[in-house]
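In each ligand, atom 1 is the first atom listed, and ligand 1 is the first ligand listed.
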Amino acid sequence: MLFARKRGPLAFISGAAVLLLLTYLYLRQSDDEAAVWNPPGPQQSPDARARSRERQQAVKDTFSKCWHSYKEHAWGADELAPVTGGRRDHFGGWAATLVDSLDTLWIMDMKAEFEDAVAAAEAINFTHTELREINVFETNIRYLGGFLSAFDLSGDVRLLRKAVEVGDTLYKAFDTPNHMPITRWDIHAAARGEKQVAPNNVLIAEIGSLSMEFTHLSMLTGDAKWFDAVQRITDEMAAQQDSTALPGLWPLAANAEESIFNSGSFFTLGAMADSTYEYLPKMAAMTGGLLPGYQTMYEKAIDTATKHNFFRPLTPTNEDILISGEVHAKDDGSIELEPHGQHLTCFLGGLMALGARLFNRENDMDAARKLVDGCVWTYKALPHGIMPETFYMAPCQEPNDDGACKWSDEAWKEEVLRRAGKDASAADADAIIDADRLPKGFTAIPDRRYILRPEAIESVFMLYRVTGREDLLESAWDMFVAINRTTSTELANSAVHDVTTKEKPEAADSMESFWTGETLKYFYLVFSDPGLISLDEFVFNTEAHPFRRLVR
Ligand SMILES: *[C@@H]1O[C@H](CO)[C@@H](O)[C@H](O)[C@H]1NC(C)=O
Ligand SMILES: *[C@@H]1O[C@H](CO)[C@@H](O)[C@H](O)[C@H]1NC(C)=O
């Protein structure tokens with residue numbers, strides 16, 4: 001036993017939470033069909049289907065190459081180093097790539113490889129790590145999410161046992177006076193029985209996105225303790241959602257020690273916040289609408305974000321697109337938009353398409369489409385056809401006025417200078433644009449990497465499944481070809497340092513587990529029959545692990 005301490009982690013389980021869970025488990029047995037969601041689903045011509053099948057095979061070939069290299073060079077490690085063939089352990093050393101890819105193997109019908117991987121996964125010891133500290137959020141979405149989804153798909157009970165093992169380890173991070181979790185958690189101190197207190201500064205994404213996995217684990221085991229642990233966080237967030245400086249959104253950081261979620265002035269749906277918002281409608285989808293609070297929270301958040309965070313950028317071709325930016329709430333009560341785009345935020349268009357269908361918010365489809373088109377446009381605007389991690393663009397002042405959003409070289413250059421903090425002549429602007437390799441419309445590119453992230457294809461996939469728009473398949477294919485061309489190594493695929501260079505970007509020798517867990521899964525599914533992982537039956541966690549929904 002690693003955890004020698006005898007004190008029960010959560011001595012007190014809230015009655016309301018148990019009641020909800022039991023209601024839910026009861027309803028699971030009933031014929032309640034009220035929450036069934038039926039997207040129209042894409043209908044393809046035979047020609048289009050044949051083309052999709054070829055593309056699907058190309059994606060599988062890329063996955064298969066990565067998987068076999070991982071197996072040969074880094075089996076059991078968190079990651080393969082895709083250039084040098086080395087091993088990397090950043091996520092507990094519990095074979096992150098292996099666990100994160102289990103459901104991908106199943107979905108791609110690589111059953112022999114799946115069997116190998118399950119057998120290897122059985123031997124992982126989730127109470128032991130060489131790392132000083134574990135990231136509860138990452139462990140939750142990658143490992144717990146990976147096992148739950150692989151169990152949902154295969155029914156192999158060994159996977160549910162591993163999920164419980166991960167869940168039991170993570171549960172101990174909630175053993176604090178107010179039962180808020182320690183998000184960057186010293187597992188060794190916990191094992192020594194040291195007193196634990198939740199930190200006073202945690203990222204909202206890391207504390208707000210444990211709900212799907214923990215609730216799903218309770219759903220599958222019938223044990224309410226996990227659901228109860230995360231429902232406490234949700235209750236606090238719901239109670240404080242209207243009293244933040246930008247009501248509807250939560251500030252980037254929370255004080256977990258004192259359960260404060262409404263103090264702070266910076267609001268984003270991007271890095272360090274993203275999946276908290278993502279899980280609101282997805283919790284509603286997963287639990288078949290049994291927890292209506294999630295819909296309310298989602299609607300408040302999206303209404304605020306639509307009003308304050310989204311902006312239409314100036315583009316040379318006057319595209320009617322949106323980017324989700326960031327907001328500073330000032331002391332004088334005013335709101336300032338930071339026109340900062342991120343690859344991570346690209347999940348949002350797809351999510352809003354899902355939310356629109358789920359909650360009959362057809363008005364959201366317009367913004368959903370424009371956000372997805374914004375990501376597609378940004379990919380195409382860069383020389384290798386890939387969006388950088390982060391960028392700035394010039395927001396157009398009156399997004400609904402086509403005249404005011406008309407491209408102007410001067411307006412763009414003015415914004416480049418403003419962003420660079422200079423009040424000089426247009427000649428300086430040209431020099432900056434040249435030196436920083438800024439495509440037209442971009443005013444700065446602070447982070448030029450592409451690290452094999454999934455969010456853009458994720459949203460293209462979601463919007464395609466919801467609308468059946470055929471042009472999205474072409475966008476998906478262009479993205480795949482561009483990414484594959486730019487990131488391929490002899491062994492696998494690698495993150496790259498700079499997608500703005502003229503020459504082929506230099507490889508960073510890194511392949512995070514989300515490449516095979518998420519990115520290639522979404523590429524595969526967008527070219528698959530919509531019956532494969534139907535959105536009527538499944539909802540994806542933030543690591544692209546499909547969980548079975550509570551619907552018939
Ligand atoms: C897992 O690791 C812990 C801590 O090092 C150890 O006590 C335990 O025996 C291990 N379990 C297995 C099954 O190896
Ligand atoms: C992906 O890249 C690999 C390695 O360069 C190449 O063999 C393969 O043909 C590429 N696939 C597509 C569809 O371009």
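Ring centers of Phe174 and His179: at least 6.0 Å apart, outside the cut-off.
Shortest contact from atom 13 (C) of ligand 2 to any protein heavy atom: Trp477 CH2, 3.7 Å. For atom 1 (C) of ligand 2, the closest non-hydrogen atom on the protein side is Asn484 ND2, 1.5 Å. The closest protein non-hydrogen atom to atom 4 (C) of ligand 2 is Ser488 OG, 3.6 Å.
The cationic atom of Lys71 (NZ for Lys, CZ for Arg) lies less than 6.0 Å from the six-membered ring centre of Trp75 and within 45° of the ring axis. Remark: Lys282 is not positioned above the aromatic ring of Phe540, lacking an NZ or CZ atom under 6.0 angstrom from the ring centre and at most 45 degrees off the axis.
Within ligand 1, the atoms closer than 4.0 Å to a non-hydrogen atom of Thr127 are 1 (C), 2 (O), 3 (C), numbered from 1 in the order shown. Within the listing of ligand 1, atoms 2 (O), 5 (O) sit less than 4.0 angstrom from a heavy atom of His128.
Inside a 4.0 Å radius of atom 11 (N) of ligand 2 there is at least one protein heavy atom.
A salt bridge does not link Asp109 to Lys60: none of the charged side-chain nitrogens sits closer than 4.0 Å to a carboxylate oxygen.
Heavy atoms only, all atoms of each residue included: Phe91 and Glu79 are closest at CE1-OE2, 3.4 Å.
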